[in-house]
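Report on the structure given below.
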Amino acid sequence: MRLSRYFLPVLKETPAEAQIVSHRLMLRAGMIKQASAGIYSWLPLGFKVLKRIEQIVHEEQERAGHIPMLMPTLQSADLWRESGRYDDYGEEMLRIKDRHDRDMLYGPTNEELITDIFRSYVRSYKDLPLTLYHIQWKFRDERRPRFGVMRGREFYMKDGYNFDLSKDDALHAYNRHLVSYLRSYERMGLQAIPMRADGGPIGGDYTHEFLVLAETGESEVFYDSAVTDLTFGDRDIDYDNVEQCAGVLEEFTSKYARTDETHDETVWADVPEDRQRVARGIEVGQIFYFGTKYSEAMGATVQDADGNQVPVHMGSHGIGVSRLLGAIIEANHDDNGIIWPEGVTPFHCGIVNLKQGDEAADAACEGLYDQLTKAGLEPLYDDRNERAGGKFATMDLIGLPWRITVGPRGLKNGVVELTNRRTGESEELAPEAAVAKVVAIYAGV
RNA sequence: CGGGGCGUGGCGCAGUCUGGUAGCGCACCUGUUUUGGGUACAGGGGGUCGUAGGUUCGAAUCCUGCCGCCCCGACCA
(Lines give C-alpha, C1' and ligand atoms only; values in the text may rest on other atoms or scores of the structure.)
Protein backbone atom coordinates (compact mmCIF):
# COMPACT_ATOMS: atom_id res chain seq x y z
CA MET A 1 0.00 0.00 0.00
CA ARG A 2 1.14 3.48 -0.82
CA LEU A 3 0.44 5.85 2.03
CA SER A 4 -0.55 8.63 -0.39
CA ARG A 5 -3.47 6.45 -1.47
CA TYR A 6 -4.38 4.99 1.89
CA PHE A 7 -6.73 6.32 4.56
CA LEU A 8 -4.70 6.76 7.71
CA PRO A 9 -5.99 9.69 9.76
CA VAL A 10 -3.26 9.92 12.41
CA LEU A 11 -3.57 12.46 15.20
CA LYS A 12 -0.71 14.45 16.62
CA GLU A 13 -2.60 15.14 19.79
CA THR A 14 -4.46 12.71 21.97
CA PRO A 15 -8.24 13.08 22.13
CA ALA A 16 -9.31 13.97 25.66
CA GLU A 17 -11.59 10.98 26.13
CA ALA A 18 -8.83 8.38 26.02
CA GLN A 19 -7.23 7.46 29.31
CA ILE A 20 -5.22 4.31 28.81
CA VAL A 21 -2.35 3.88 26.43
CA SER A 22 -3.90 1.38 24.03
CA HIS A 23 -6.99 3.54 23.59
CA ARG A 24 -4.89 6.66 23.02
CA LEU A 25 -2.64 4.92 20.53
CA MET A 26 -5.51 3.34 18.63
CA LEU A 27 -7.12 6.76 18.22
CA ARG A 28 -3.87 8.49 17.36
CA ALA A 29 -2.86 5.81 14.86
CA GLY A 30 -6.17 6.19 13.05
CA MET A 31 -7.32 2.65 13.86
CA ILE A 32 -10.71 3.35 15.42
CA LYS A 33 -13.22 6.13 15.81
CA GLN A 34 -15.75 6.14 18.58
CA ALA A 35 -19.30 6.06 17.25
CA SER A 36 -20.95 6.25 20.66
CA ALA A 37 -20.08 5.09 24.16
CA GLY A 38 -18.38 1.71 23.88
CA ILE A 39 -19.07 1.39 20.15
CA TYR A 40 -16.39 1.94 17.53
CA SER A 41 -15.91 2.19 13.82
CA TRP A 42 -12.87 0.25 12.67
CA LEU A 43 -10.84 2.42 10.33
CA PRO A 44 -8.68 0.69 7.70
CA LEU A 45 -5.59 0.18 9.85
CA GLY A 46 -7.53 -1.11 12.85
CA PHE A 47 -9.66 -3.30 10.63
CA LYS A 48 -6.54 -4.86 9.14
CA VAL A 49 -5.21 -5.87 12.54
CA LEU A 50 -8.62 -7.13 13.61
CA LYS A 51 -8.68 -9.36 10.55
CA ARG A 52 -5.17 -10.65 11.20
CA ILE A 53 -6.13 -11.67 14.71
CA GLU A 54 -9.33 -13.22 13.48
CA GLN A 55 -7.39 -15.19 10.89
CA ILE A 56 -5.03 -16.62 13.49
CA VAL A 57 -7.99 -17.68 15.61
CA HIS A 58 -9.64 -19.37 12.62
CA GLU A 59 -6.50 -21.22 11.67
CA GLU A 60 -5.88 -22.51 15.16
CA GLN A 61 -9.50 -23.53 15.71
CA GLU A 62 -9.62 -25.44 12.48
CA ARG A 63 -6.29 -27.05 13.30
CA ALA A 64 -7.91 -28.31 16.50
CA GLY A 65 -10.75 -29.80 14.48
CA HIS A 66 -13.36 -27.23 15.41
CA ILE A 67 -15.87 -26.25 12.76
CA PRO A 68 -16.56 -22.63 11.75
CA MET A 69 -20.06 -21.31 11.15
CA LEU A 70 -21.95 -18.07 11.73
CA MET A 71 -24.91 -17.23 13.92
CA PRO A 72 -26.86 -13.95 13.86
CA THR A 73 -26.37 -10.96 16.13
CA LEU A 74 -30.09 -10.52 16.75
CA GLN A 75 -31.87 -13.32 18.52
CA SER A 76 -35.40 -14.09 19.53
CA ALA A 77 -36.14 -13.89 23.25
CA ASP A 78 -37.98 -17.21 23.12
CA LEU A 79 -34.88 -19.38 23.32
CA TRP A 80 -33.57 -17.33 26.22
CA ARG A 81 -36.84 -17.80 28.08
CA GLU A 82 -36.41 -21.52 27.58
CA SER A 83 -32.98 -21.54 29.20
CA GLY A 84 -34.10 -19.17 31.92
CA ARG A 85 -31.50 -16.59 31.09
CA TYR A 86 -33.87 -14.00 29.66
CA ASP A 87 -34.67 -13.03 33.24
CA ASP A 88 -31.27 -13.88 34.71
CA TYR A 89 -29.09 -11.84 32.43
CA GLY A 90 -30.20 -8.43 33.60
CA GLU A 91 -29.61 -5.00 32.19
CA GLU A 92 -26.48 -5.98 30.34
CA MET A 93 -28.59 -7.61 27.69
CA LEU A 94 -29.80 -5.17 25.07
CA ARG A 95 -33.48 -5.89 24.53
CA ILE A 96 -35.26 -4.77 21.40
CA LYS A 97 -38.78 -5.07 20.05
CA ASP A 98 -39.42 -5.62 16.38
CA ARG A 99 -42.34 -4.08 14.44
CA HIS A 100 -44.63 -6.90 15.52
CA ASP A 101 -43.81 -6.15 19.14
CA ARG A 102 -41.86 -9.40 19.47
CA ASP A 103 -39.10 -9.49 22.05
CA MET A 104 -35.65 -9.63 20.47
CA LEU A 105 -32.18 -9.14 21.83
CA TYR A 106 -28.70 -8.38 20.55
CA GLY A 107 -26.82 -11.51 21.52
CA PRO A 108 -24.29 -11.22 24.36
CA THR A 109 -23.38 -14.88 23.78
CA ASN A 110 -24.76 -17.85 21.90
CA GLU A 111 -25.35 -20.91 24.08
CA GLU A 112 -29.10 -20.87 23.39
CA LEU A 113 -28.81 -20.56 19.62
CA ILE A 114 -26.18 -23.22 19.28
CA THR A 115 -28.05 -25.60 21.55
CA ASP A 116 -31.16 -25.08 19.46
CA ILE A 117 -29.21 -25.86 16.31
CA PHE A 118 -27.75 -28.93 17.86
CA ARG A 119 -31.04 -30.36 19.14
CA SER A 120 -32.71 -29.71 15.80
CA TYR A 121 -30.38 -32.01 13.89
CA VAL A 122 -28.33 -34.29 16.09
CA ARG A 123 -29.95 -37.48 17.30
CA SER A 124 -27.19 -40.04 17.73
CA TYR A 125 -24.07 -40.42 19.81
CA LYS A 126 -22.41 -41.36 16.53
CA ASP A 127 -22.46 -37.71 15.53
CA LEU A 128 -20.34 -36.80 18.54
CA PRO A 129 -17.95 -35.32 19.40
CA LEU A 130 -18.83 -32.04 17.75
CA THR A 131 -17.38 -28.59 18.27
CA LEU A 132 -18.84 -25.62 16.43
CA TYR A 133 -17.63 -22.06 16.68
CA HIS A 134 -18.11 -18.67 15.15
CA ILE A 135 -16.60 -15.23 15.27
CA GLN A 136 -19.29 -12.61 15.52
CA TRP A 137 -20.16 -9.23 17.01
CA LYS A 138 -21.70 -9.34 20.43
CA PHE A 139 -23.27 -6.69 22.59
CA ARG A 140 -23.27 -6.27 26.33
CA ASP A 141 -24.79 -3.06 27.54
CA GLU A 142 -22.10 -2.17 30.07
CA ARG A 143 -23.08 0.44 32.60
CA ARG A 144 -19.80 2.12 32.07
CA PRO A 145 -17.89 1.26 28.93
CA ARG A 146 -14.24 2.34 29.06
CA PHE A 147 -10.70 1.59 27.97
CA GLY A 148 -11.55 1.79 24.27
CA VAL A 149 -12.00 -1.61 22.65
CA MET A 150 -10.94 -3.39 25.82
CA ARG A 151 -14.28 -2.79 27.41
CA GLY A 152 -16.65 -1.72 24.71
CA ARG A 153 -20.32 -2.53 24.56
CA GLU A 154 -20.08 -3.94 21.06
CA PHE A 155 -17.22 -6.38 20.71
CA TYR A 156 -15.98 -9.03 18.31
CA MET A 157 -15.55 -12.43 19.82
CA LYS A 158 -14.86 -16.00 18.93
CA ASP A 159 -17.15 -18.34 20.80
CA GLY A 160 -17.07 -22.09 20.44
CA TYR A 161 -19.27 -24.85 21.81
CA ASN A 162 -18.45 -28.49 22.26
CA PHE A 163 -21.01 -31.33 22.41
CA ASP A 164 -19.86 -34.62 23.85
CA LEU A 165 -21.40 -37.85 25.06
CA SER A 166 -19.56 -38.04 28.35
CA LYS A 167 -17.91 -35.79 30.85
CA ASP A 168 -14.53 -37.28 29.98
CA ASP A 169 -15.02 -36.49 26.31
CA ALA A 170 -16.10 -32.96 27.16
CA LEU A 171 -13.04 -32.49 29.32
CA HIS A 172 -10.90 -33.54 26.39
CA ALA A 173 -12.63 -30.83 24.38
CA TYR A 174 -11.85 -28.43 27.22
CA ASN A 175 -8.18 -29.39 27.07
CA ARG A 176 -8.16 -29.10 23.30
CA HIS A 177 -9.41 -25.55 23.60
CA LEU A 178 -6.78 -24.69 26.16
CA VAL A 179 -4.07 -25.93 23.83
CA SER A 180 -5.48 -24.14 20.78
CA TYR A 181 -5.81 -20.92 22.75
CA LEU A 182 -2.23 -21.06 23.97
CA ARG A 183 -1.09 -21.54 20.40
CA SER A 184 -3.23 -18.65 19.18
CA TYR A 185 -1.96 -16.17 21.76
CA GLU A 186 1.62 -17.15 21.14
CA ARG A 187 1.22 -16.52 17.42
CA MET A 188 -0.07 -13.06 18.30
CA GLY A 189 3.09 -12.35 20.24
CA LEU A 190 1.37 -12.58 23.61
CA GLN A 191 1.97 -14.61 26.67
CA ALA A 192 -1.47 -15.38 28.09
CA ILE A 193 -1.50 -17.29 31.36
CA PRO A 194 -4.39 -19.67 32.07
CA MET A 195 -5.77 -18.89 35.51
CA ARG A 196 -8.43 -20.58 37.55
CA ALA A 197 -11.59 -18.53 37.20
CA ASP A 198 -15.15 -18.04 38.36
CA GLY A 199 -18.04 -19.43 36.37
CA GLY A 200 -19.93 -16.14 36.21
CA PRO A 201 -23.33 -16.01 34.50
CA ILE A 202 -22.39 -18.72 32.02
CA GLY A 203 -21.76 -21.13 34.85
CA GLY A 204 -19.53 -24.14 35.13
CA ASP A 205 -17.20 -25.92 37.49
CA TYR A 206 -14.23 -26.16 35.19
CA THR A 207 -13.13 -22.83 33.90
CA HIS A 208 -9.93 -20.99 33.20
CA GLU A 209 -9.43 -17.50 31.96
CA PHE A 210 -6.39 -16.40 29.98
CA LEU A 211 -4.66 -13.28 31.18
CA VAL A 212 -2.07 -11.10 29.54
CA LEU A 213 0.15 -9.35 32.05
CA ALA A 214 -0.04 -5.56 31.73
CA GLU A 215 0.12 -2.71 34.20
CA THR A 216 -3.24 -1.44 33.06
CA GLY A 217 -4.99 -4.79 33.45
CA GLU A 218 -8.41 -4.77 35.08
CA SER A 219 -7.72 -7.75 37.35
CA GLU A 220 -5.18 -8.25 40.05
CA VAL A 221 -3.39 -11.56 39.50
CA PHE A 222 -1.29 -13.80 41.71
CA TYR A 223 1.03 -16.34 40.17
CA ASP A 224 4.06 -18.53 40.57
CA SER A 225 6.79 -17.06 38.36
CA ALA A 226 7.38 -20.56 37.00
CA VAL A 227 4.28 -20.17 34.80
CA THR A 228 5.83 -17.37 32.79
CA ASP A 229 8.74 -19.63 31.87
CA LEU A 230 6.39 -21.91 29.94
CA THR A 231 6.23 -21.44 26.20
CA PHE A 232 4.41 -23.34 23.51
CA GLY A 233 7.02 -23.10 20.83
CA ASP A 234 7.04 -25.66 18.06
CA ARG A 235 5.30 -28.43 19.94
CA ASP A 236 3.84 -31.02 17.65
CA ILE A 237 0.33 -31.42 18.98
CA ASP A 238 -2.05 -34.21 18.10
CA TYR A 239 -5.45 -32.85 19.08
CA ASP A 240 -6.93 -36.36 19.06
CA ASN A 241 -4.43 -37.50 21.63
CA VAL A 242 -6.26 -37.30 24.95
CA GLU A 243 -3.19 -37.83 27.12
CA GLN A 244 -1.13 -35.27 25.27
CA CYS A 245 -3.76 -32.53 25.55
CA ALA A 246 -4.32 -33.34 29.20
CA GLY A 247 -0.56 -33.18 29.69
CA VAL A 248 -0.43 -29.65 28.32
CA LEU A 249 -3.25 -28.58 30.61
CA GLU A 250 -1.46 -30.12 33.56
CA GLU A 251 1.80 -28.45 32.64
CA PHE A 252 0.25 -25.00 32.21
CA THR A 253 -2.21 -25.05 35.10
CA SER A 254 -0.53 -26.96 37.89
CA LYS A 255 1.42 -23.95 39.13
CA TYR A 256 -0.43 -21.33 41.13
CA ALA A 257 -2.04 -18.70 38.92
CA ARG A 258 -5.26 -17.00 39.94
CA THR A 259 -7.10 -13.72 39.70
CA ASP A 260 -8.25 -11.86 42.78
CA GLU A 261 -11.66 -13.53 42.40
CA THR A 262 -10.34 -16.99 43.14
CA HIS A 263 -7.17 -16.11 45.02
CA ASP A 264 -6.65 -18.35 48.06
CA GLU A 265 -4.12 -17.21 50.64
CA THR A 266 -3.58 -20.65 52.14
CA VAL A 267 -2.65 -22.22 48.81
CA TRP A 268 -0.67 -19.12 47.85
CA ALA A 269 1.44 -19.56 50.97
CA ASP A 270 2.74 -22.83 49.55
CA VAL A 271 4.32 -21.03 46.59
CA PRO A 272 8.02 -20.39 47.29
CA GLU A 273 8.27 -16.77 48.32
CA ASP A 274 10.90 -15.86 45.75
CA ARG A 275 8.53 -17.04 43.01
CA GLN A 276 5.41 -15.23 44.22
CA ARG A 277 4.33 -12.54 41.80
CA VAL A 278 1.47 -10.05 42.14
CA ALA A 279 0.62 -8.13 39.01
CA ARG A 280 -2.27 -6.99 36.86
CA GLY A 281 -3.72 -8.75 33.87
CA ILE A 282 -6.09 -8.31 30.95
CA GLU A 283 -8.48 -11.14 30.28
CA VAL A 284 -8.37 -12.21 26.66
CA GLY A 285 -10.23 -15.49 26.77
CA GLN A 286 -12.05 -18.00 28.90
CA ILE A 287 -12.94 -21.67 28.64
CA PHE A 288 -15.80 -23.44 30.43
CA TYR A 289 -17.06 -26.94 30.91
CA PHE A 290 -20.61 -26.69 32.20
CA GLY A 291 -21.93 -30.21 31.74
CA THR A 292 -25.61 -30.56 30.94
CA LYS A 293 -26.87 -27.18 32.12
CA TYR A 294 -28.19 -26.08 28.74
CA SER A 295 -28.75 -29.47 27.19
CA GLU A 296 -31.12 -30.44 30.00
CA ALA A 297 -32.93 -27.12 30.04
CA MET A 298 -33.38 -27.17 26.28
CA GLY A 299 -33.71 -30.86 25.55
CA ALA A 300 -30.47 -31.37 23.64
CA THR A 301 -30.19 -35.12 23.89
CA VAL A 302 -28.80 -37.95 21.83
CA GLN A 303 -29.45 -41.64 21.86
CA ASP A 304 -26.49 -43.56 23.27
CA ALA A 305 -25.28 -47.03 22.30
CA ASP A 306 -27.66 -48.58 24.81
CA GLY A 307 -30.65 -46.81 23.33
CA ASN A 308 -31.06 -44.26 26.12
CA GLN A 309 -31.79 -40.59 25.54
CA VAL A 310 -29.02 -38.69 27.33
CA PRO A 311 -28.33 -34.97 27.56
CA VAL A 312 -25.04 -33.99 25.97
CA HIS A 313 -22.13 -32.58 27.90
CA MET A 314 -21.22 -29.11 26.76
CA GLY A 315 -18.66 -26.41 27.18
CA SER A 316 -18.18 -22.96 25.74
CA HIS A 317 -14.97 -21.20 24.96
CA GLY A 318 -14.35 -17.59 24.07
CA ILE A 319 -11.60 -15.38 22.77
CA GLY A 320 -12.09 -11.62 22.83
CA VAL A 321 -10.89 -10.78 19.34
CA SER A 322 -11.48 -7.01 19.39
CA ARG A 323 -10.28 -6.75 22.97
CA LEU A 324 -7.03 -8.43 21.94
CA LEU A 325 -5.99 -5.35 19.97
CA GLY A 326 -6.03 -3.36 23.16
CA ALA A 327 -4.25 -6.09 25.10
CA ILE A 328 -1.54 -6.47 22.46
CA ILE A 329 -0.90 -2.73 22.46
CA GLU A 330 -0.85 -2.54 26.25
CA ALA A 331 1.84 -5.20 26.20
CA ASN A 332 3.72 -3.82 23.16
CA HIS A 333 4.32 -0.08 22.96
CA ASP A 334 6.77 2.66 23.86
CA ASP A 335 6.64 6.45 24.11
CA ASN A 336 6.58 6.81 20.33
CA GLY A 337 3.72 4.46 19.64
CA ILE A 338 2.67 0.90 19.00
CA ILE A 339 5.10 -1.98 18.42
CA TRP A 340 3.24 -4.75 16.60
CA PRO A 341 4.35 -8.33 17.00
CA GLU A 342 5.13 -9.74 13.54
CA GLY A 343 2.18 -12.12 13.75
CA VAL A 344 -0.48 -9.41 13.80
CA THR A 345 1.11 -6.37 12.20
CA PRO A 346 -1.15 -4.57 9.71
CA PHE A 347 1.74 -4.18 7.26
CA HIS A 348 4.88 -6.25 7.33
CA CYS A 349 7.37 -3.55 6.58
CA GLY A 350 7.40 0.21 6.19
CA ILE A 351 9.32 1.94 3.43
CA VAL A 352 10.33 5.52 4.13
CA ASN A 353 11.46 7.62 1.21
CA LEU A 354 13.50 10.44 2.71
CA LYS A 355 13.45 12.54 -0.42
CA GLN A 356 10.33 12.11 -2.44
CA GLY A 357 11.01 13.25 -6.00
CA ASP A 358 14.65 12.28 -5.96
CA GLU A 359 15.07 10.01 -8.94
CA ALA A 360 17.33 7.47 -7.26
CA ALA A 361 15.33 7.39 -4.02
CA ASP A 362 12.01 7.04 -5.82
CA ALA A 363 13.33 4.22 -8.00
CA ALA A 364 14.86 2.38 -5.07
CA CYS A 365 11.62 2.60 -3.07
CA GLU A 366 9.58 1.34 -6.01
CA GLY A 367 12.01 -1.54 -6.36
CA LEU A 368 11.74 -2.47 -2.70
CA TYR A 369 7.97 -2.22 -2.82
CA ASP A 370 7.85 -4.47 -5.83
CA GLN A 371 10.17 -7.10 -4.44
CA LEU A 372 8.47 -7.26 -1.04
CA THR A 373 5.07 -7.53 -2.69
CA LYS A 374 6.21 -10.28 -5.03
CA ALA A 375 7.56 -12.15 -2.02
CA GLY A 376 4.02 -12.22 -0.64
CA LEU A 377 4.43 -9.47 1.94
CA GLU A 378 2.47 -6.26 2.39
CA PRO A 379 4.71 -3.22 2.63
CA LEU A 380 3.49 0.26 3.49
CA TYR A 381 5.35 2.78 1.39
CA ASP A 382 5.33 6.34 2.73
CA ASP A 383 5.48 8.14 -0.60
CA ARG A 384 4.02 11.38 0.69
CA ASN A 385 5.88 14.59 0.04
CA GLU A 386 6.58 15.05 3.73
CA ARG A 387 9.68 15.72 5.72
CA ALA A 388 11.66 12.81 7.07
CA GLY A 389 10.77 13.58 10.68
CA GLY A 390 7.07 13.39 9.99
CA LYS A 391 7.42 10.11 8.15
CA PHE A 392 9.43 8.56 10.95
CA ALA A 393 6.94 9.77 13.55
CA THR A 394 4.06 8.22 11.62
CA MET A 395 5.87 4.91 11.18
CA ASP A 396 6.78 4.76 14.85
CA LEU A 397 3.21 5.58 15.86
CA ILE A 398 1.55 2.90 13.74
CA GLY A 399 4.16 0.42 14.92
CA LEU A 400 5.26 -1.62 11.92
CA PRO A 401 7.95 -3.99 13.23
CA TRP A 402 10.40 -3.31 10.38
CA ARG A 403 11.22 -0.19 8.42
CA ILE A 404 13.43 0.32 5.42
CA THR A 405 14.71 3.88 5.11
CA VAL A 406 15.80 5.06 1.69
CA GLY A 407 17.63 8.28 0.95
CA PRO A 408 20.00 9.73 -1.65
CA ARG A 409 22.87 9.77 0.81
CA GLY A 410 22.78 6.03 1.48
CA LEU A 411 22.04 5.15 -2.10
CA LYS A 412 25.30 6.77 -3.16
CA ASN A 413 26.97 3.97 -1.21
CA GLY A 414 24.49 1.41 -2.47
CA VAL A 415 22.73 0.93 0.86
CA VAL A 416 19.41 1.40 2.57
CA GLU A 417 18.73 1.19 6.29
CA LEU A 418 16.74 -1.62 7.93
CA THR A 419 15.44 -0.72 11.37
CA ASN A 420 13.79 -2.82 14.05
CA ARG A 421 10.93 -0.90 15.66
CA ARG A 422 11.23 -2.67 19.00
CA THR A 423 14.97 -2.40 19.57
CA GLY A 424 15.66 0.63 17.41
CA GLU A 425 18.64 -1.21 15.96
CA SER A 426 19.52 -0.36 12.39
CA GLU A 427 21.80 -1.88 9.83
CA GLU A 428 22.86 -0.67 6.42
CA LEU A 429 22.29 -3.20 3.68
CA ALA A 430 22.05 -3.39 -0.07
CA PRO A 431 18.36 -3.08 -1.02
CA GLU A 432 18.16 -6.73 -2.13
CA ALA A 433 19.73 -7.86 1.12
CA ALA A 434 17.21 -5.84 3.14
CA VAL A 435 14.36 -7.48 1.24
CA ALA A 436 15.88 -10.91 1.74
CA LYS A 437 16.20 -10.32 5.46
CA VAL A 438 12.62 -9.14 5.89
CA VAL A 439 11.33 -12.05 3.84
CA ALA A 440 13.34 -14.46 5.98
CA ILE A 441 12.00 -12.93 9.19
CA TYR A 442 8.39 -13.41 8.11
CA ALA A 443 9.02 -16.89 6.82
CA GLY A 444 9.58 -17.81 10.45
CA VAL A 445 6.41 -16.20 11.80
C1' C B 1 -26.71 2.81 39.28
C1' G B 2 -24.18 6.33 43.30
C1' G B 3 -20.36 10.35 43.26
C1' G B 4 -17.53 13.95 40.28
C1' G B 5 -16.33 16.55 35.70
C1' C B 6 -16.71 18.24 30.68
C1' G B 7 -19.45 19.82 25.88
C1' U B 8 -16.36 26.54 22.14
C1' G B 9 -13.67 25.23 13.75
C1' G B 10 -10.99 18.26 12.43
C1' C B 11 -7.79 17.69 17.32
C1' G B 12 -5.97 20.03 22.02
C1' C B 13 -7.44 24.23 24.77
C1' A B 14 -8.41 29.71 26.57
C1' G B 15 -12.57 32.89 27.16
C1' U B 16 -17.72 31.71 31.50
C1' C B 17 -16.50 33.72 37.99
C1' U B 18 -17.21 39.85 36.64
C1' G B 19 -22.83 39.54 30.01
C1' G B 20 -20.93 43.85 25.15
C1' U B 21 -21.22 39.90 19.44
C1' A B 22 -15.28 34.49 19.61
C1' G B 23 -9.43 33.59 20.28
C1' C B 24 -4.66 30.51 20.61
C1' G B 25 -1.67 26.04 19.22
C1' C B 26 -1.78 21.86 15.97
C1' A B 27 -4.05 20.12 11.47
C1' C B 28 -5.95 21.88 6.47
C1' C B 29 -5.38 25.22 1.61
C1' U B 30 -1.89 28.80 -1.37
C1' G B 31 3.02 30.74 -2.12
C1' U B 32 8.17 31.14 -0.90
C1' U B 33 11.72 28.44 1.84
C1' U B 34 13.60 24.02 3.92
C1' U B 35 14.65 18.74 3.46
C1' G B 36 18.55 12.10 7.11
C1' G B 37 13.79 12.44 13.40
C1' G B 38 7.21 16.50 13.39
C1' U B 39 11.55 23.51 9.00
C1' A B 40 10.68 28.88 8.76
C1' C B 41 7.89 32.99 7.01
C1' A B 42 3.60 35.15 4.71
C1' G B 43 -1.38 34.79 3.18
C1' G B 44 -6.11 32.00 3.55
C1' G B 45 -10.61 28.78 4.52
C1' G B 46 -13.44 26.78 8.33
C1' G B 47 -17.23 27.71 14.49
C1' U B 48 -25.98 28.52 14.80
C1' C B 49 -20.06 28.18 21.44
C1' G B 50 -24.19 20.27 22.62
C1' U B 51 -29.61 21.35 22.55
C1' A B 52 -34.43 23.66 23.94
C1' G B 53 -36.50 27.38 26.61
C1' G B 54 -35.98 31.65 30.02
C1' U B 55 -33.74 36.45 32.06
C1' U B 56 -31.66 40.91 29.56
C1' C B 57 -31.18 46.53 25.27
C1' G B 58 -27.58 42.58 24.54
C1' A B 59 -25.97 35.60 26.41
C1' A B 60 -20.35 31.11 24.89
C1' U B 61 -20.88 33.76 29.69
C1' C B 62 -26.64 34.10 34.18
C1' C B 63 -31.19 30.48 35.21
C1' U B 64 -34.03 25.80 34.05
C1' G B 65 -34.95 21.27 31.38
C1' C B 66 -33.01 17.69 28.07
C1' C B 67 -29.02 15.16 25.27
C1' G B 68 -24.04 13.47 24.79
C1' C B 69 -19.19 12.17 26.56
C1' C B 70 -15.35 11.26 30.32
C1' C B 71 -13.44 9.92 35.33
C1' C B 72 -13.93 7.22 40.44
C1' G B 73 -16.88 3.30 42.60
C1' A B 74 -20.03 -1.06 42.19
C1' C B 75 -20.38 -4.66 37.92
C1' C B 76 -18.35 -7.27 33.78
C1' A B 77 -15.18 -10.69 28.21
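Here is the naming used below: chain letters follow the sequence lines, and residue numbers restart at 1 for every chain. Values reported hereafter were calculated over all heavy atoms of this structure, with side chains retained and with hydrogens, waters and symmetry mates removed.
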is_close_aromatic([X], [Y]), centroid dist under 6.0 Å:
X: Trp268(A); Y: His263(A); value: yes
X: His23(A); Y: Phe147(A); value: no
X: His317(A); Y: His66(A); value: no
X: Phe210(A); Y: Tyr185(A); value: yes

Checking contacts here: which listed nucleotide ([options]) is nearest the side-chain heavy atoms of [X]?
X: Ser36(A); options: rG37(B), rC75(B), rC69(B); value: rC69(B)
X: Pro408(A); options: rG38(B), rC71(B), rG36(B); value: rG36(B)
X: Thr405(A); options: rG36(B), rG37(B), rC76(B); value: rG36(B)
X: Ala16(A); options: rG12(B), rG36(B), rC69(B); value: rG12(B)
X: Arg28(A); options: rG38(B), rC76(B), rC70(B); value: rG38(B)
X: Glu92(A); options: rC70(B), rG37(B), rC76(B); value: rC76(B)
X: Arg143(A); options: rA74(B), rC11(B), rG37(B); value: rA74(B)

Checklist entry - Hey, are Asp159(A) and Tyr133(A) close enough side-chain-wise for a donor-acceptor pair under 3.5 Å? => result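 No, because no side-chain N or O of Tyr133(A) sits under 3.5 Å from a partner of the opposite role on Asp159(A).
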Under 4.0 Å between a side-chain N or O of [X] and OP1 or OP2 of [N]?
X: Arg144(A); N: rC75(B); result: no
X: Arg146(A); N: rC72(B); result: yes
X: Lys12(A); N: rA27(B); result: yes
X: Gln19(A); N: rC72(B); result: no

For [N] versus [M], give the span between their [atom1] atoms, rounded off to a whole number of Å.
N: rC62(B); M: rG45(B); atom1: C1'; value: 34 Å
N: rU56(B); M: rC1(B); atom1: P; value: 37 Å
N: rC57(B); M: rG3(B); atom1: C1'; value: 42 Å
N: rU33(B); M: rA52(B); atom1: P; value: 49 Å
N: rC70(B); M: rG50(B); atom1: C1'; value: 15 Å
N: rG25(B); M: rG2(B); atom1: C1'; value: 38 Å
N: rG68(B); M: rA27(B); atom1: C1'; value: 25 Å
N: rG23(B); M: rG47(B); atom1: C1'; value: 11 Å

Expressed in angstrom and rounded to an integer, what is the separation of [X] atom [atom1] from [N] atom [atom2]?
X: Arg153(A); N: rC76(B); atom1: CZ; atom2: P; result: 18 Å
X: Arg384(A); N: rC28(B); atom1: CZ; atom2: C1'; result: 14 Å
X: Lys355(A); N: rG36(B); atom1: NZ; atom2: C1'; result: 11 Å
X: Arg24(A); N: rC70(B); atom1: CZ; atom2: C1'; result: 14 Å
X: Ile39(A); N: rC70(B); atom1: CD1; atom2: P; result: 11 Å
X: Phe147(A); N: rC69(B); atom1: CZ; atom2: C1'; result: 16 Å
X: Arg387(A); N: rA40(B); atom1: CZ; atom2: P; result: 8 Å

Checklist entry - In terms of the nearest nucleotide of RNA chain B, which residue is placed more toward the 5' end: Arg151(A) or Ala18(A)? => result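 That would be Ala18(A).
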Checklist entry - Considering heavy-atom distances to RNA chain B, does Gly410(A) or Pro145(A) have its closest nucleotide positioned more toward the 5' end? => result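 It is Gly410(A) whose nearest nucleotide is closer to the 5' end.
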Item to check | rG58(B) - base-pair partner by Watson-Crick or wobble geometry, distances under 3.5 Å | outcome: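 Base-paired to nothing in any strand shown.
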Checklist entry - Lys48(A) versus Phe347(A): any side-chain heavy-atom pair under 4.5 Å? => result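 A side-chain contact under 4.5 Å exists here.
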Checklist entry - Do the side chain of Arg2(A) and the main chain of Leu380(A) share a donor and acceptor less than 3.5 angstrom apart? => result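 Absent.
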Checklist entry - Is there a donor N/O on one and an acceptor N/O on the other, under 3.5 Å, for the side chain of Glu13(A) and the base of rG25(B)? => result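 A donor-acceptor contact between them is present.
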